[in-house]
Amino acid sequence: MNRTVHPPSADFNFAQHLIASNTGRAQKTALIDDVGSVTYGELSEKIRRFAGGLQAMGLKREERVLLLMHDSSDWVVAFLGSLYAGVVPVAVNTLLTAEDYAFMLGNSRAQAALVSGALLPTLQTALDLAKTEVRHVVVSRPTAALAKGQFDMADWVQQSPPSLPAPTLADEPAFWLYSSGSTGKPKGTVHSQGNLYWTAELYGKGVLGLQESDRVFSAAKLFFAYGLGNALTFPLSVGASVVLMAERPTPQATFKRLVEQQPTVFYGAPTGYGGMLASPDLPAKKQVALRLCSSAGEALPRDIGERWTQHFGCEIIDGIGSTEMLHVFLSNRPGDVRYGTTGKAVPGYQVELRNEDGSVVNGANEIGDLYIQGPSAALMYWNNREKSRDTFQGVWTKSGDKYTRDPDGYYTYAGRNDDMLKVSGIYVSPFEVESTLVQHPAILEAAVIGKEDSDGLTKTKAFIVLKPGQNLTPEEVKAFVKEKLAPYKYPRFIDFVTELPKTATGKIQRFRLRDLEKK
(Lines give C-alpha, C1' and ligand atoms only; values in the text may rest on other atoms or scores of the structure.)
Protein backbone atom coordinates (compact mmCIF):
# COMPACT_ATOMS: atom_id res chain seq x y z
CA MET A 1 0.00 0.00 0.00
CA ASN A 2 1.50 3.33 -1.09
CA ARG A 3 1.65 6.15 1.47
CA THR A 4 1.12 9.80 0.65
CA VAL A 5 4.24 11.70 1.67
CA HIS A 6 4.00 15.47 1.78
CA PRO A 7 7.17 17.46 1.05
CA PRO A 8 8.74 19.51 3.84
CA SER A 9 7.93 23.20 3.91
CA ALA A 10 10.29 25.56 2.08
CA ASP A 11 11.48 26.83 5.48
CA PHE A 12 12.76 23.65 7.13
CA ASN A 13 15.37 22.66 9.70
CA PHE A 14 15.68 18.90 10.12
CA ALA A 15 16.97 19.02 13.69
CA GLN A 16 14.07 21.28 14.69
CA HIS A 17 11.74 18.85 12.88
CA LEU A 18 13.02 15.95 15.01
CA ILE A 19 12.70 17.90 18.24
CA ALA A 20 9.12 18.87 17.38
CA SER A 21 8.27 15.28 16.38
CA ASN A 22 9.33 13.97 19.80
CA THR A 23 7.91 16.59 22.17
CA GLY A 24 5.70 13.98 23.84
CA ARG A 25 8.57 11.55 24.45
CA ALA A 26 10.77 13.53 26.84
CA GLN A 27 11.24 10.58 29.22
CA LYS A 28 11.74 7.91 26.56
CA THR A 29 15.24 6.59 25.83
CA ALA A 30 16.50 7.89 22.49
CA LEU A 31 20.15 6.76 22.46
CA ILE A 32 22.08 3.97 24.20
CA ASP A 33 25.85 4.01 23.70
CA ASP A 34 28.86 2.39 25.36
CA VAL A 35 28.75 4.67 28.44
CA GLY A 36 25.07 5.36 29.04
CA SER A 37 21.76 6.51 27.64
CA VAL A 38 20.09 9.79 26.63
CA THR A 39 16.36 10.49 26.68
CA TYR A 40 14.54 12.45 24.00
CA GLY A 41 14.16 15.35 26.41
CA GLU A 42 17.89 15.36 27.18
CA LEU A 43 18.72 15.07 23.48
CA SER A 44 16.59 18.11 22.65
CA GLU A 45 18.34 20.16 25.34
CA LYS A 46 21.81 19.05 24.23
CA ILE A 47 21.07 19.88 20.57
CA ARG A 48 19.94 23.39 21.48
CA ARG A 49 22.96 24.00 23.72
CA PHE A 50 25.41 22.56 21.17
CA ALA A 51 23.99 24.98 18.58
CA GLY A 52 24.30 27.81 21.09
CA GLY A 53 27.94 26.89 21.70
CA LEU A 54 28.74 27.01 17.98
CA GLN A 55 27.09 30.40 17.66
CA ALA A 56 29.00 31.71 20.70
CA MET A 57 32.23 30.63 19.00
CA GLY A 58 31.33 32.82 16.05
CA LEU A 59 30.43 29.99 13.65
CA LYS A 60 28.11 31.30 10.98
CA ARG A 61 25.38 29.71 8.89
CA GLU A 62 26.73 27.45 6.10
CA GLU A 63 30.28 27.43 7.51
CA ARG A 64 31.65 23.88 7.75
CA VAL A 65 32.85 21.89 10.77
CA LEU A 66 34.68 18.57 10.54
CA LEU A 67 32.89 15.75 12.41
CA LEU A 68 35.40 13.02 13.26
CA MET A 69 33.86 10.89 16.01
CA HIS A 70 33.25 7.29 16.91
CA ASP A 71 29.57 6.31 17.11
CA SER A 72 28.11 7.66 20.36
CA SER A 73 25.38 9.93 21.63
CA ASP A 74 27.89 12.79 21.24
CA TRP A 75 28.06 12.11 17.46
CA VAL A 76 24.28 12.51 17.21
CA VAL A 77 24.30 15.68 19.32
CA ALA A 78 27.16 17.18 17.27
CA PHE A 79 25.48 16.43 13.95
CA LEU A 80 22.01 17.63 14.91
CA GLY A 81 23.32 20.55 16.93
CA SER A 82 25.22 21.75 13.87
CA LEU A 83 22.14 21.41 11.66
CA TYR A 84 20.07 23.26 14.26
CA ALA A 85 22.55 26.15 14.11
CA GLY A 86 22.64 26.16 10.30
CA VAL A 87 26.31 25.13 10.49
CA VAL A 88 27.32 22.35 8.06
CA PRO A 89 28.85 19.20 9.61
CA VAL A 90 31.26 17.31 7.36
CA ALA A 91 30.98 13.73 8.65
CA VAL A 92 34.11 11.71 7.89
CA ASN A 93 35.29 8.12 8.16
CA THR A 94 37.12 7.42 11.44
CA LEU A 95 39.49 4.90 9.83
CA LEU A 96 41.36 7.24 7.51
CA THR A 97 44.85 8.72 7.75
CA ALA A 98 45.94 12.17 8.93
CA GLU A 99 46.74 12.98 5.30
CA ASP A 100 43.13 12.18 4.34
CA TYR A 101 41.78 14.45 7.05
CA ALA A 102 44.18 17.22 6.05
CA PHE A 103 42.75 17.07 2.53
CA MET A 104 39.18 17.15 3.85
CA LEU A 105 39.91 20.05 6.19
CA GLY A 106 41.33 22.05 3.31
CA ASN A 107 38.72 20.99 0.78
CA SER A 108 35.82 21.84 3.10
CA ARG A 109 37.49 24.93 4.64
CA ALA A 110 36.28 23.69 8.02
CA GLN A 111 36.27 26.42 10.69
CA ALA A 112 36.10 23.99 13.63
CA ALA A 113 36.55 20.30 14.34
CA LEU A 114 34.38 17.99 16.44
CA VAL A 115 36.41 14.94 17.44
CA SER A 116 36.47 11.91 19.74
CA GLY A 117 39.23 12.01 22.35
CA ALA A 118 40.77 8.81 20.99
CA LEU A 119 41.06 10.41 17.53
CA LEU A 120 42.47 13.75 18.70
CA PRO A 121 46.17 12.84 18.07
CA THR A 122 45.37 11.95 14.46
CA LEU A 123 43.41 15.17 14.04
CA GLN A 124 46.33 17.16 15.51
CA THR A 125 48.63 15.72 12.84
CA ALA A 126 46.04 16.54 10.17
CA LEU A 127 45.75 20.11 11.43
CA ASP A 128 49.53 20.49 11.16
CA LEU A 129 49.38 19.27 7.55
CA ALA A 130 46.28 21.18 6.47
CA LYS A 131 46.42 24.49 4.65
CA THR A 132 43.46 25.92 6.49
CA GLU A 133 42.89 27.49 9.88
CA VAL A 134 40.63 25.64 12.31
CA ARG A 135 39.72 28.03 15.10
CA HIS A 136 38.14 25.65 17.61
CA VAL A 137 38.27 21.94 18.49
CA VAL A 138 35.44 20.35 20.52
CA VAL A 139 36.51 17.01 22.01
CA SER A 140 34.09 14.23 22.93
CA ARG A 141 35.24 12.25 25.96
CA PRO A 142 38.86 13.47 26.03
CA THR A 143 41.54 11.00 27.09
CA ALA A 144 44.18 13.60 28.03
CA ALA A 145 44.50 17.23 29.09
CA LEU A 146 43.27 19.65 26.42
CA ALA A 147 45.25 22.49 24.89
CA LYS A 148 44.20 26.09 24.32
CA GLY A 149 41.32 26.34 21.87
CA GLN A 150 40.15 22.80 22.69
CA PHE A 151 36.93 22.21 24.65
CA ASP A 152 35.59 19.20 26.54
CA MET A 153 32.26 18.65 24.80
CA ALA A 154 30.32 17.66 27.93
CA ASP A 155 31.34 20.79 29.86
CA TRP A 156 31.07 23.03 26.81
CA VAL A 157 27.53 21.89 26.00
CA GLN A 158 26.40 22.22 29.61
CA GLN A 159 27.74 25.78 29.85
CA SER A 160 26.44 26.96 26.47
CA PRO A 161 23.11 28.82 26.30
CA PRO A 162 20.31 27.03 24.40
CA SER A 163 19.79 28.47 20.95
CA LEU A 164 16.84 29.05 18.67
CA PRO A 165 16.94 27.10 15.39
CA ALA A 166 18.56 28.76 12.40
CA PRO A 167 15.95 29.75 9.77
CA THR A 168 17.24 27.24 7.22
CA LEU A 169 15.60 26.15 3.99
CA ALA A 170 14.74 22.62 2.89
CA ASP A 171 17.01 23.04 -0.16
CA GLU A 172 19.86 24.62 1.80
CA PRO A 173 23.20 22.80 2.17
CA ALA A 174 22.98 21.03 5.53
CA PHE A 175 25.81 18.48 5.72
CA TRP A 176 28.50 16.78 3.66
CA LEU A 177 29.55 13.17 3.25
CA TYR A 178 32.68 12.22 1.33
CA SER A 179 32.12 9.72 -1.47
CA SER A 180 35.22 7.54 -1.72
CA GLY A 181 34.85 6.12 -5.22
CA SER A 182 37.38 3.55 -6.40
CA THR A 183 40.20 5.91 -7.37
CA GLY A 184 41.27 9.51 -6.86
CA LYS A 185 40.54 12.03 -4.12
CA PRO A 186 37.24 11.72 -2.22
CA LYS A 187 34.39 13.95 -3.38
CA GLY A 188 32.56 16.21 -0.93
CA THR A 189 28.91 15.30 -1.48
CA VAL A 190 26.64 18.16 -0.41
CA HIS A 191 23.20 17.26 0.97
CA SER A 192 20.29 19.49 1.95
CA GLN A 193 18.13 19.74 5.09
CA GLY A 194 15.21 18.22 3.20
CA ASN A 195 17.11 15.15 1.98
CA LEU A 196 17.16 13.67 5.49
CA TYR A 197 13.39 14.06 5.72
CA TRP A 198 12.83 12.33 2.38
CA THR A 199 14.90 9.23 3.18
CA ALA A 200 13.14 8.83 6.55
CA GLU A 201 9.69 9.10 4.97
CA LEU A 202 10.30 6.98 1.86
CA TYR A 203 12.57 4.21 3.15
CA GLY A 204 12.63 4.35 6.97
CA LYS A 205 8.86 4.51 7.30
CA GLY A 206 7.72 3.43 3.85
CA VAL A 207 9.81 0.26 3.41
CA LEU A 208 11.18 -0.73 6.83
CA GLY A 209 8.02 0.36 8.62
CA LEU A 210 9.96 1.56 11.68
CA GLN A 211 7.81 2.24 14.72
CA GLU A 212 8.18 3.97 18.08
CA SER A 213 8.32 0.55 19.76
CA ASP A 214 11.46 -0.47 17.80
CA ARG A 215 14.99 -0.55 19.13
CA VAL A 216 17.52 -0.41 16.28
CA PHE A 217 21.21 -1.27 15.93
CA SER A 218 23.40 -0.59 12.89
CA ALA A 219 26.75 -2.24 12.22
CA ALA A 220 27.31 0.46 9.58
CA LYS A 221 28.69 3.57 11.24
CA LEU A 222 27.03 6.98 11.39
CA PHE A 223 29.58 8.62 9.08
CA PHE A 224 28.29 6.49 6.20
CA ALA A 225 25.11 7.49 4.38
CA TYR A 226 23.69 4.03 5.15
CA GLY A 227 24.50 4.22 8.87
CA LEU A 228 23.33 7.83 9.17
CA GLY A 229 19.83 6.84 8.08
CA ASN A 230 19.84 3.58 10.01
CA ALA A 231 20.89 4.89 13.41
CA LEU A 232 19.85 8.54 13.39
CA THR A 233 17.47 9.82 10.73
CA PHE A 234 14.99 6.91 10.64
CA PRO A 235 14.64 5.91 14.32
CA LEU A 236 14.58 9.47 15.66
CA SER A 237 11.89 10.36 13.09
CA VAL A 238 9.51 7.83 14.68
CA GLY A 239 10.58 8.02 18.34
CA ALA A 240 12.38 4.67 18.40
CA SER A 241 15.47 3.86 20.51
CA VAL A 242 18.98 3.49 19.05
CA VAL A 243 21.88 1.30 20.16
CA LEU A 244 25.26 2.85 19.25
CA MET A 245 28.65 1.10 19.33
CA ALA A 246 32.06 2.80 19.05
CA GLU A 247 34.12 -0.31 18.30
CA ARG A 248 34.48 -2.21 15.04
CA PRO A 249 31.44 -4.39 14.21
CA THR A 250 33.14 -7.77 14.58
CA PRO A 251 30.81 -10.76 14.90
CA GLN A 252 31.49 -10.95 18.64
CA ALA A 253 30.86 -7.22 19.23
CA THR A 254 27.66 -7.40 17.17
CA PHE A 255 26.42 -10.52 18.96
CA LYS A 256 26.97 -8.81 22.32
CA ARG A 257 24.58 -5.97 21.36
CA LEU A 258 22.04 -8.27 19.71
CA VAL A 259 21.81 -10.39 22.87
CA GLU A 260 22.22 -7.77 25.61
CA GLN A 261 20.34 -4.82 24.09
CA GLN A 262 17.68 -6.86 22.25
CA PRO A 263 17.27 -4.65 19.16
CA THR A 264 14.26 -5.46 16.99
CA VAL A 265 15.83 -4.11 13.78
CA PHE A 266 19.44 -4.72 12.72
CA TYR A 267 21.27 -3.16 9.77
CA GLY A 268 24.36 -4.80 8.31
CA ALA A 269 26.32 -5.49 5.13
CA PRO A 270 26.65 -8.80 3.27
CA THR A 271 30.23 -9.44 4.40
CA GLY A 272 29.16 -8.91 8.00
CA TYR A 273 26.21 -11.27 7.71
CA GLY A 274 28.48 -13.90 6.15
CA GLY A 275 31.03 -13.54 8.93
CA MET A 276 28.36 -13.86 11.62
CA LEU A 277 26.87 -16.97 10.04
CA ALA A 278 30.34 -18.53 9.89
CA SER A 279 31.06 -17.77 13.56
CA PRO A 280 30.79 -20.57 16.14
CA ASP A 281 29.39 -17.93 18.55
CA LEU A 282 26.27 -17.23 16.46
CA PRO A 283 23.40 -16.72 18.96
CA ALA A 284 20.31 -18.90 18.85
CA LYS A 285 17.05 -17.43 17.60
CA LYS A 286 15.61 -17.40 21.13
CA GLN A 287 18.49 -15.20 22.34
CA VAL A 288 17.59 -12.24 20.11
CA ALA A 289 14.51 -10.10 19.47
CA LEU A 290 14.97 -9.40 15.76
CA ARG A 291 11.86 -8.77 13.67
CA LEU A 292 13.64 -7.38 10.60
CA CYS A 293 17.14 -6.95 9.17
CA SER A 294 18.46 -4.68 6.43
CA SER A 295 21.45 -5.04 4.12
CA ALA A 296 23.22 -2.66 1.76
CA GLY A 297 26.73 -1.72 0.66
CA GLU A 298 26.97 -4.52 -1.89
CA ALA A 299 24.53 -7.10 -3.19
CA LEU A 300 23.48 -9.79 -0.72
CA PRO A 301 24.13 -13.33 -1.97
CA ARG A 302 21.04 -15.53 -1.98
CA ASP A 303 22.72 -18.19 0.13
CA ILE A 304 23.52 -15.77 2.97
CA GLY A 305 19.98 -14.36 3.02
CA GLU A 306 18.37 -17.79 3.04
CA ARG A 307 20.63 -19.16 5.77
CA TRP A 308 20.09 -16.07 7.97
CA THR A 309 16.31 -16.33 7.64
CA GLN A 310 16.41 -20.07 8.31
CA HIS A 311 18.42 -19.50 11.51
CA PHE A 312 16.73 -16.38 12.94
CA GLY A 313 13.30 -16.57 11.32
CA CYS A 314 13.50 -12.97 10.08
CA GLU A 315 14.06 -11.55 6.62
CA ILE A 316 17.01 -9.48 5.44
CA ILE A 317 15.70 -6.62 3.32
CA ASP A 318 18.48 -6.18 0.75
CA GLY A 319 18.70 -2.84 -1.04
CA ILE A 320 21.07 -0.48 -2.76
CA GLY A 321 21.69 3.15 -1.95
CA SER A 322 24.56 5.58 -2.44
CA THR A 323 26.23 8.56 -0.85
CA GLU A 324 24.85 10.62 -3.73
CA MET A 325 21.21 9.55 -3.07
CA LEU A 326 21.79 9.49 0.72
CA HIS A 327 20.13 6.14 1.33
CA VAL A 328 18.39 3.14 -0.23
CA PHE A 329 16.33 3.75 -3.39
CA LEU A 330 15.98 0.19 -4.73
CA SER A 331 14.99 -2.53 -2.28
CA ASN A 332 13.25 -5.71 -1.34
CA ARG A 333 10.52 -5.14 1.23
CA PRO A 334 9.04 -7.05 4.16
CA GLY A 335 6.91 -9.93 2.91
CA ASP A 336 8.24 -9.52 -0.64
CA VAL A 337 11.86 -10.68 -0.47
CA ARG A 338 13.50 -12.38 -3.44
CA TYR A 339 16.98 -13.29 -2.27
CA GLY A 340 19.53 -12.80 -5.01
CA THR A 341 17.74 -9.65 -6.23
CA THR A 342 17.71 -6.04 -4.99
CA GLY A 343 13.93 -5.86 -5.30
CA LYS A 344 12.11 -2.93 -6.86
CA ALA A 345 12.26 0.86 -6.68
CA VAL A 346 11.40 2.36 -3.30
CA PRO A 347 8.07 4.23 -3.71
CA GLY A 348 8.96 7.86 -4.35
CA TYR A 349 11.93 6.95 -6.56
CA GLN A 350 12.14 5.96 -10.21
CA VAL A 351 14.92 3.81 -11.64
CA GLU A 352 15.93 3.26 -15.23
CA LEU A 353 18.44 1.02 -17.01
CA ARG A 354 20.32 2.58 -19.92
CA ASN A 355 22.69 1.40 -22.62
CA GLU A 356 26.10 2.99 -23.16
CA ASP A 357 24.55 5.32 -25.76
CA GLY A 358 21.98 6.56 -23.21
CA SER A 359 19.00 4.71 -24.68
CA VAL A 360 16.68 2.92 -22.25
CA VAL A 361 17.07 -0.86 -21.86
CA ASN A 362 13.63 -2.39 -22.30
CA GLY A 363 14.41 -6.09 -22.61
CA ALA A 364 14.21 -8.45 -19.65
CA ASN A 365 17.50 -9.67 -18.18
CA GLU A 366 19.61 -7.25 -20.26
CA ILE A 367 22.46 -5.50 -18.44
CA GLY A 368 22.20 -1.71 -18.26
CA ASP A 369 23.55 1.26 -16.31
CA LEU A 370 21.32 2.18 -13.36
CA TYR A 371 19.98 5.74 -13.12
CA ILE A 372 17.80 7.07 -10.28
CA GLN A 373 15.31 9.90 -9.98
CA GLY A 374 14.23 10.90 -6.48
CA PRO A 375 13.96 13.75 -3.98
CA SER A 376 17.02 12.87 -1.84
CA ALA A 377 19.71 13.40 -4.50
CA ALA A 378 22.70 15.46 -3.40
CA LEU A 379 23.05 19.03 -4.61
CA MET A 380 26.55 18.56 -6.05
CA TYR A 381 30.12 17.51 -5.44
CA TRP A 382 31.87 20.45 -3.79
CA ASN A 383 34.15 22.34 -6.17
CA ASN A 384 34.01 19.54 -8.72
CA ARG A 385 31.88 20.70 -11.63
CA GLU A 386 32.99 18.01 -14.08
CA LYS A 387 32.06 15.07 -11.85
CA SER A 388 28.90 16.84 -10.65
CA ARG A 389 27.70 17.18 -14.24
CA ASP A 390 28.56 13.57 -15.01
CA THR A 391 26.70 12.17 -11.97
CA PHE A 392 23.81 14.60 -11.47
CA GLN A 393 22.14 14.76 -14.87
CA GLY A 394 19.05 16.94 -14.46
CA VAL A 395 16.52 15.01 -12.39
CA TRP A 396 18.49 11.79 -12.87
CA THR A 397 21.50 10.54 -10.91
CA LYS A 398 23.93 8.08 -12.49
CA SER A 399 24.73 5.37 -9.98
CA GLY A 400 27.76 3.76 -11.61
CA ASP A 401 26.13 0.34 -11.09
CA LYS A 402 25.00 -2.17 -13.67
CA TYR A 403 21.76 -4.10 -13.20
CA THR A 404 19.33 -6.41 -14.95
CA ARG A 405 15.54 -6.46 -14.56
CA ASP A 406 13.63 -9.74 -14.74
CA PRO A 407 10.18 -10.13 -16.36
CA ASP A 408 8.53 -9.60 -12.92
CA GLY A 409 10.26 -6.24 -12.47
CA TYR A 410 12.85 -7.29 -9.87
CA TYR A 411 16.35 -5.86 -10.28
CA THR A 412 19.52 -7.92 -9.90
CA TYR A 413 22.98 -6.46 -9.35
CA ALA A 414 25.50 -7.06 -12.12
CA GLY A 415 28.50 -5.13 -10.79
CA ARG A 416 30.04 -1.70 -10.89
CA ASN A 417 30.78 -0.03 -14.20
CA ASP A 418 34.49 -0.34 -13.50
CA ASP A 419 34.20 -3.93 -12.22
CA MET A 420 32.26 -5.46 -15.11
CA LEU A 421 34.20 -7.91 -17.25
CA LYS A 422 33.76 -8.75 -20.90
CA VAL A 423 34.78 -12.35 -21.48
CA SER A 424 34.54 -13.74 -25.01
CA GLY A 425 32.65 -10.60 -25.97
CA ILE A 426 29.99 -11.18 -23.29
CA TYR A 427 29.56 -9.22 -20.05
CA VAL A 428 30.35 -11.24 -16.93
CA SER A 429 29.33 -9.98 -13.51
CA PRO A 430 32.08 -10.52 -10.90
CA PHE A 431 29.34 -10.62 -8.25
CA GLU A 432 27.57 -13.51 -9.99
CA VAL A 433 30.77 -15.59 -9.95
CA GLU A 434 31.53 -14.56 -6.35
CA SER A 435 28.02 -15.51 -5.24
CA THR A 436 28.48 -18.92 -6.80
CA LEU A 437 31.89 -19.48 -5.25
CA VAL A 438 30.69 -18.76 -1.70
CA GLN A 439 28.03 -21.44 -2.06
CA HIS A 440 30.85 -23.99 -1.78
CA PRO A 441 30.92 -25.24 1.83
CA ALA A 442 34.71 -24.75 2.08
CA ILE A 443 34.77 -21.13 0.84
CA LEU A 444 34.31 -18.18 3.22
CA GLU A 445 34.80 -15.22 0.84
CA ALA A 446 35.70 -14.59 -2.78
CA ALA A 447 36.50 -11.69 -5.08
CA VAL A 448 36.66 -11.83 -8.86
CA ILE A 449 38.50 -9.52 -11.25
CA GLY A 450 39.57 -9.58 -14.88
CA LYS A 451 43.04 -10.81 -15.84
CA GLU A 452 44.56 -10.85 -19.30
CA ASP A 453 45.73 -14.24 -20.55
CA SER A 454 48.74 -14.83 -22.78
CA ASP A 455 46.69 -13.75 -25.80
CA GLY A 456 45.72 -10.46 -24.18
CA LEU A 457 42.13 -11.59 -23.71
CA THR A 458 40.26 -10.91 -20.49
CA LYS A 459 39.47 -13.90 -18.34
CA THR A 460 38.17 -14.14 -14.79
CA LYS A 461 40.48 -14.54 -11.81
CA ALA A 462 39.20 -15.46 -8.34
CA PHE A 463 40.82 -14.62 -5.01
CA ILE A 464 39.46 -17.06 -2.43
CA VAL A 465 39.51 -17.15 1.38
CA LEU A 466 38.86 -20.66 2.69
CA LYS A 467 37.11 -21.43 5.95
CA PRO A 468 39.45 -22.56 8.77
CA GLY A 469 40.67 -26.11 8.31
CA GLN A 470 39.43 -26.40 4.73
CA ASN A 471 41.44 -27.26 1.61
CA LEU A 472 40.60 -27.01 -2.10
CA THR A 473 42.49 -27.27 -5.37
CA PRO A 474 42.02 -24.80 -8.23
CA GLU A 475 40.57 -27.57 -10.35
CA GLU A 476 37.93 -28.38 -7.72
CA VAL A 477 36.92 -24.71 -7.64
CA LYS A 478 36.64 -24.51 -11.43
CA ALA A 479 34.56 -27.68 -11.61
CA PHE A 480 32.19 -26.38 -8.95
CA VAL A 481 31.53 -23.14 -10.84
CA LYS A 482 31.14 -24.90 -14.19
CA GLU A 483 28.33 -26.98 -12.71
CA LYS A 484 26.36 -23.85 -11.78
CA LEU A 485 27.15 -21.17 -14.38
CA ALA A 486 27.65 -20.85 -18.12
CA PRO A 487 31.08 -22.33 -18.99
CA TYR A 488 32.64 -19.01 -20.05
CA LYS A 489 32.04 -17.57 -16.57
CA TYR A 490 34.22 -19.95 -14.55
CA PRO A 491 37.44 -18.40 -13.15
CA ARG A 492 40.45 -19.38 -15.27
CA PHE A 493 42.88 -18.26 -12.58
CA ILE A 494 42.65 -19.01 -8.83
CA ASP A 495 44.59 -17.53 -5.91
CA PHE A 496 44.00 -18.72 -2.35
CA VAL A 497 44.57 -15.83 0.09
CA THR A 498 44.19 -15.27 3.83
CA GLU A 499 42.11 -12.07 3.50
CA LEU A 500 40.61 -9.69 0.96
CA PRO A 501 41.14 -5.89 0.87
CA LYS A 502 37.98 -4.13 2.05
CA THR A 503 36.56 -0.71 2.82
CA ALA A 504 35.56 0.26 6.35
CA THR A 505 32.02 -0.99 5.60
CA GLY A 506 33.30 -4.41 4.56
CA LYS A 507 32.94 -3.84 0.83
CA ILE A 508 35.54 -5.72 -1.21
CA GLN A 509 37.99 -3.39 -2.97
CA ARG A 510 38.44 -5.14 -6.30
CA PHE A 511 40.50 -2.22 -7.62
CA ARG A 512 43.23 -3.06 -5.11
CA LEU A 513 43.33 -6.62 -6.41
CA ARG A 514 43.55 -5.28 -9.97
CA ASP A 515 46.45 -3.03 -8.94
CA LEU A 516 48.30 -6.03 -7.44
CA GLU A 517 47.91 -7.92 -10.71
CA LYS A 518 49.61 -5.11 -12.63
CA LYS A 519 52.75 -5.25 -10.49
Side-chain angles (χ1 to χ4, degrees), residues 13-54 65 67-85 87 89 91 94 114-119 138-142 151-163 165 175 196 200 204 210-223 227-247 256-257 260-267:
N13 182 292
F14 184 74
Q16 181 187 21
H17 165 72
L18 287 186
I19 289 173
S21 299
N22 292 298
T23 50
R25 302 185 178 104
Q27 301 307 312
K28 185 182 178 187
T29 299
L31 309 169
I32 305 159
D33 68 10
D34 297 337
V35 300
S37 62
V38 175
T39 66
Y40 273 99
E42 292 167 339
L43 178 59
S44 171
E45 182 72 8
K46 287 174 182 286
I47 290 169
R48 290 187 170 106
R49 290 185 180 275
F50 192 96
L54 292 178
V65 294
L67 175 49
L68 173 61
M69 287 185 184
H70 293 304
D71 279 20
S72 65
S73 60
D74 280 357
W75 199 108
V76 177
V77 170
F79 183 83
L80 293 175
S82 298
L83 262 61
Y84 196 77
V87 172
T94 58
L114 319 171
V115 63
S116 290
L119 296 168
V138 177
V139 185
S140 166
R141 301 169 187 172
F151 302 88
D152 182 321
M153 181 170 162
D155 295 339
W156 178 76
V157 168
Q158 188 174 16
Q159 294 166 11
S160 296
S163 165
F175 65 100
L196 293 160
L210 287 187
Q211 302 167 9
E212 181 180 2
S213 57
D214 279 315
R215 176 174 286 196
V216 309
F217 172 49
S218 175
K221 298 300 185 182
L222 285 163
F223 58 76
L228 179 63
N230 297 344
L232 192 158
T233 314
F234 304 165
L236 299 188
S237 291
V238 298
S241 300
V242 183
V243 177
L244 297 167
M245 176 176 75
E247 66 184 295
K256 177 179 171 66
R257 273 73 182 183
E260 292 182 2
Q261 296 295 344
Q262 294 287 293
T264 55
V265 178
F266 172 70
Y267 312 85

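All residue numbers refer to positions in the sequence shown, counting from 1.
Summarising the geometry of H70 relative to A246, their closest heavy-atom pair is CB-CB, 3.9 Å, with the distance given to 0.1 Å. The nearest pair of heavy atoms linking S160 to R49 is O-NH1, 2.6 Å.
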Evaluation steps, side-chain contact (heavy atoms from CB on, under 4.5 Å), between L43 and V76:
CA-CA 9 Å; L43 178 59; V76 177; 4.3 Å; yes
Test M153 against M69 for side-chain contact (heavy atoms from CB on, under 4.5 Å), laying out the working first.
CA-CA 12 Å; M153 181 170 162; M69 287 185 184; 3.8 Å; yes
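For the pair V216/P263, no side-chain contact is recorded, criterion being any heavy-atom separation below 4.5 Å from C-beta on. Looking at L80 and L236, their side chains come closer than 4.5 Å, going by heavy atoms from C-beta outward. For the pair T94 and S116, the minimum side-chain heavy-atom distance is 4.5 Å or more. Between D214 and P235, every side-chain heavy-atom pair lies at or beyond the 4.5 Å cut-off.
A donor-acceptor contact shorter than 3.5 Å is absent between the side chain of N230 and the backbone of F217. Looking only at distances, a side-chain donor or acceptor of T233 sits under 3.5 Å from a matching main-chain atom of L228. Here the side chain of S241 pairs a donor or acceptor atom with the backbone of T29 at under 3.5 angstrom. Put simply, the side chain of D71 gets close to the backbone of L222: a donor and an acceptor are under 3.5 Å apart. No donor-acceptor pair closer than 3.5 Å links the side chain of R215 to the backbone N or O of Q262.
Taking CH2 of W75 as the start and CG of L67 as the end, the distance is 5.0 Å to the nearest 0.5 Å. Here the OG atom belonging to S237 is positioned 9.0 Å from the CG atom belonging to L210, to the nearest 0.5 angstrom. To the nearest 0.5 angstrom, I19 atom CD1 is 4.5 Å from I47 atom CD1. Distance check: F14 CZ to L83 CG gives 8.0 Å after rounding to the nearest 0.5 Å.
Counting non-hydrogen atoms of other residues, nucleotides and ligands closer than 6.0 Å to NZ of K221 gives a total above 12.
Judged as a side chain to side chain contact (heavy atoms under 4.5 Å, CB included), and not counting sequence neighbours, the contacts of N22 are R25, Y40. For R257, the salt bridge (charged side-chain N to carboxylate O under 4.0 Å, His left out) partners are D34, E247, not counting sequence neighbours. For S21, the side chain to side chain contact (heavy atoms under 4.5 Å, CB included) test picks out H17, with sequence neighbours left out. Under the side chain to side chain contact (heavy atoms under 4.5 Å, CB included) criterion, T39 pairs with E42, not counting sequence neighbours. Applying the salt bridge (charged side-chain N to carboxylate O under 4.0 Å, His left out) criterion to K28, with sequence neighbours excluded, gives no partner residue. Applying the side chain to side chain contact (heavy atoms under 4.5 Å, CB included) criterion to S163, with sequence neighbours excluded, gives A51, Q55.
The aromatic rings of W156 and F50 sit perpendicular, their planes meeting at an angle over 60°, well past the 30° parallel limit.
Remark: aromatic rings of F79 and F175 are close, center separation under 6.0 Å.
Side-chain contact annotation: D33 with S73, donor-acceptor N/O pair under 3.5 Å present.
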